[in-house]
Protein chains: 2
Amino acid sequence: MKNDPKRKIYTEILKTKGYKLTAPRLLVLDVFLQNRKPLNADFVYEKVRTKKTDRVTVYRTLKIFESARVIHQVNLKKDSVFFELTKDHHHHIVCLECGLIEDFDACTIDQLAKNVISKSPYFSSIDHHSLELFAICKKCNKG
Amino acid sequence: MKNDPKRKIYTEILKTKGYKLTAPRLLVLDVFLQNRKPLNADFVYEKVRTKKTDRVTVYRTLKIFESARVIHQVNLKKDSVFFELTKDHHHHIVCLECGLIEDFDACTIDQLAKNVISKSPYFSSIDHHSLELFAICKKCNKG
DNA sequence: ACACTAATTGCAAATCATTTGCAATTAGTG
DNA sequence: CACTAATTGCAAATGATTTGCAATTAGTGT
Ligand SMILES: [Mn+2]
Ligand SMILES: [Mn+2]
Ligand SMILES: [Zn+2]
Ligand SMILES: [Zn+2]
């Protein structure tokens with residue numbers, strides 16, 4: 001949404017890093033703001049193709065957003081790569097059989113991360129983390 | 001190694017699930033037992049190609065091992081998919097710049113997982129989890 | 001040990017996601 | 001409004017993974 005308060009945050013990040021705010025980039029950003037779940041290139045492309053935006057541009061935009069830390073990859077064990085907005089942090093339980101995804105917010109990683117960092121010879125801070133749970137859902141357990 | 005005590009555990013799992021213990025499958029299993037880190041198809045193939053094992057067979061074997069829960073995918077944000085042995089559970093800090101990987105074992109997910117499960121309408125137990133930390137390593141922070 | 005059969009393999013070709021080269025277009029600056 | 005580097009679209013290339021199919025083989029039972 002154009003009126004999402006987070007929209008400005010992300011556009012500012014992009015500007016600060018020296019990226020131009022082009023039409024395709026704003027379109028892709030809005031797809032993420034309007035679909036609060038992990039998205040892959042194909043999903044994004046289907047949403048912007050009508051507006052004369054090429055598939056290649058989607059891929060390149062995802063790369064730029066990733067390097068600007070506007071989005072980051074989510075590990076869902078699917079065939080293609082999924083991304084979500086950096087500031088929409090949450091996690092998932094994924095069914096190993098049918099792919100059902102449930103979100104959850106509770107996350108106690110920060111303390112664990114501190115411990116790990118304090119012992120690490122190579123790292124001194126964490127940028128972000130990925131935590132996903134995998135299971136067989138109740139429905140698949142019966143079938 | 002033929003003498004790794006875990007080897008029998010994995011071969012029993014495969015037998016129980018009805019998979020034949022073929023030469024290529026044992027070769028691939030041994031590659032995982034001898035290289036305790038996340039491996040992709042190409043790494044495995046390079047280790048077994050001398051022994052007349054096709055790349056396709058490696059891919060098919062990885063699929064079978066995954067469905068038998070002998071290995072599972074690890075999210076490292078690389079171009080190809082990485083796997084590790086299910087019973088070698090540990091986690092990673094990955095440098096977003098240079099790709100440096102550091103292992104760590106400490107993991108307090110079990111309690112968190114219990115909480116999540118107790119509130120979930122769709123899931124009643126966790127099979128396994130994926131937890132990776134992403135950061136810029138000390139070296140890359142300078143350069 | 002030998003025969004049987006379904007599972008597995010290797011090879012070649014196909015497919016799918018993602019990347020690259022390049023000429024045309026455009027955002028941001030002054 | 002002009003300038004210029006960044007960005008885009010199209011077509012072709014690449015790289016990973018998958019599929020079809022005939023030949024081979026593990027596991028089962030004789
Ligand atoms: Mn998430
Ligand atoms: Mn691990
Ligand atoms: Zn399910
Ligand atoms: Zn680094």
Side-chain angles (χ1 to χ4, degrees), chain A residues 7-8 10-31 38-68 70-83 99, chain B residues 7-8 10-31 38-68 70-83 99:
Chain A
R7 194 174 197 267
K8 172 146 283 185
Y10 292 120
T11 54
E12 285 306 317
I13 293 175
L14 291 169
K15 270 201 229 169
T16 302
K17 307 246 174 174
Y19 294 117
K20 291 184 179 176
L21 291 185
T22 65
R25 287 175 184 170
L26 293 174
L27 283 172
V28 170
L29 175 57
D30 286 337
V31 171
L39 311 180
N40 63 0
D42 198 56
F43 181 97
V44 174
Y45 176 60
E46 288 304 325
K47 297 287 182 184
V48 300
R49 66 184 304 179
T50 54
K51 287 162 179 114
K52 188 180 146 23
T53 297
D54 194 77
R55 182 169 246 124
V56 192
T57 304
V58 170
Y59 279 112
R60 288 194 274 229
T61 301
L62 292 176
K63 283 235 148 153
I64 282 171
F65 281 16
E66 198 184 6
S67 77
V70 165
I71 60 174
H72 63 249
Q73 295 187 205
V74 185
N75 165 230
L76 295 180
K77 304 191 177 177
K78 309 272 180 154
D79 302 322
S80 63
V81 180
F82 283 72
F83 300 89
Chain B
R7 195 175 197 267
K8 171 147 284 188
Y10 291 120
T11 55
E12 286 305 319
I13 293 176
L14 291 169
K15 270 203 228 168
T16 302
K17 307 247 173 175
Y19 295 116
K20 292 183 178 177
L21 291 185
T22 66
R25 287 175 184 171
L26 293 174
L27 283 172
V28 170
L29 176 58
D30 286 337
V31 172
L39 311 180
N40 63 0
D42 197 57
F43 181 98
V44 174
Y45 175 60
E46 287 306 323
K47 297 288 181 184
V48 301
R49 67 184 304 178
T50 54
K51 283 156 182 122
K52 190 182 145 19
T53 297
D54 194 77
R55 182 168 245 126
V56 192
T57 304
V58 170
Y59 279 111
R60 289 195 273 231
T61 302
L62 293 176
K63 283 234 148 156
I64 282 170
F65 281 16
E66 199 184 5
S67 75
V70 165
I71 60 174
H72 63 247
Q73 294 188 206
V74 186
N75 165 228
L76 295 179
K77 304 190 179 181
K78 309 271 181 157
D79 301 324
S80 63
V81 180
F82 283 72
F83 301 89

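Labels below follow one simple rule: chain letters A, B, ... track the order of the sequence lines, proteins then strands, and each chain is numbered from 1. A quick note: this is a predicted structure, and the numbers were derived from the prediction, not measured.
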Under 4.5 Å between any side-chain heavy atoms of [X] and [Y], yes or no?
X	Y	value
B/Thr11	B/Leu26	yes
A/Phe65	A/Leu14	yes
A/Phe83	A/Leu39	no
A/Arg7	A/Asp30	yes
B/Val28	B/Lys47	no
A/Tyr59	A/Lys63	no

Using whole Å, what does the distance between atom [atom2] of nucleotide [N] and atom [atom1] of [X] come to?
X	N	atom1	atom2	value
B/Phe83	D/dA16	CZ	P	14 Å
A/Lys17	D/dT7	NZ	P	14 Å
B/Tyr19	C/dT8	OH	C1'	12 Å
A/Leu14	C/dG28	CG	C1'	15 Å
A/Phe82	C/dA17	CZ	P	10 Å
B/Arg55	D/dA16	CZ	C1'	9 Å
A/Arg49	D/dC10	CZ	P	11 Å
A/Asp42	C/dT19	CG	P	14 Å

Quiz item: So how far off straight is the helix from C/dA1-D/dT30 to C/dG30-D/dC1, going by the axes through five pairs at either end, to 10°?
Solution: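 The end-segment axes of the helix from C/dA1-D/dT30 to C/dG30-D/dC1 are tilted 50° relative to each other.
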Self-check item: Closest listed nucleotide, where the reference is the side chain of B/Arg25 and the choices are C/dT9, C/dG10, C/dA17
Solution: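 That would be C/dT9.
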Quiz item: Has A/Tyr59 got a side-chain N or O lying under 4.0 Å from the OP1 or OP2 atom of C/dT18?
Solution: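 For C/dT18, OP1/OP2 do have a side-chain N/O of A/Tyr59 under 4.0 Å.
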Quiz item: Is there any salt bridge (charged side-chain N to carboxylate O under 4.0 Å, His left out) pair reaching into residues 13-29 of chain A, and which pairs are they, with sequence neighbours excluded?
Solution: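 Listed once each, the pairs are A/Glu12-A/Lys15.
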Quiz item: Which comes earlier along DNA chain D counting from the 5' end, the contact point of B/Asn40 or that of A/Gly18, where each point is its nearest nucleotide?
Solution: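 It is A/Gly18 whose nearest nucleotide is closer to the 5' end.
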Quiz item: For nucleotides 19-26 of chain D, read 5' to 3', which letter fits each nucleotide if B means a protein heavy atom sits under 4.0 Å from the base, S means only the sugar-phosphate is that close, and - means neither?
Solution: BB-----B
Quiz item: Do you know which two heavy atoms are closest between A/Val31 and A/Phe43, and how far apart they sit?
Solution: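 The answer is CG1-CE2, 4.2 Å.
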Quiz item: Which atom pair, heavy atoms only, marks the closest approach of A/Ala68 to A/Tyr19?
Solution: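 Heavy atoms of A/Ala68 and A/Tyr19 come nearest at CB-CE1, 4.0 Å.
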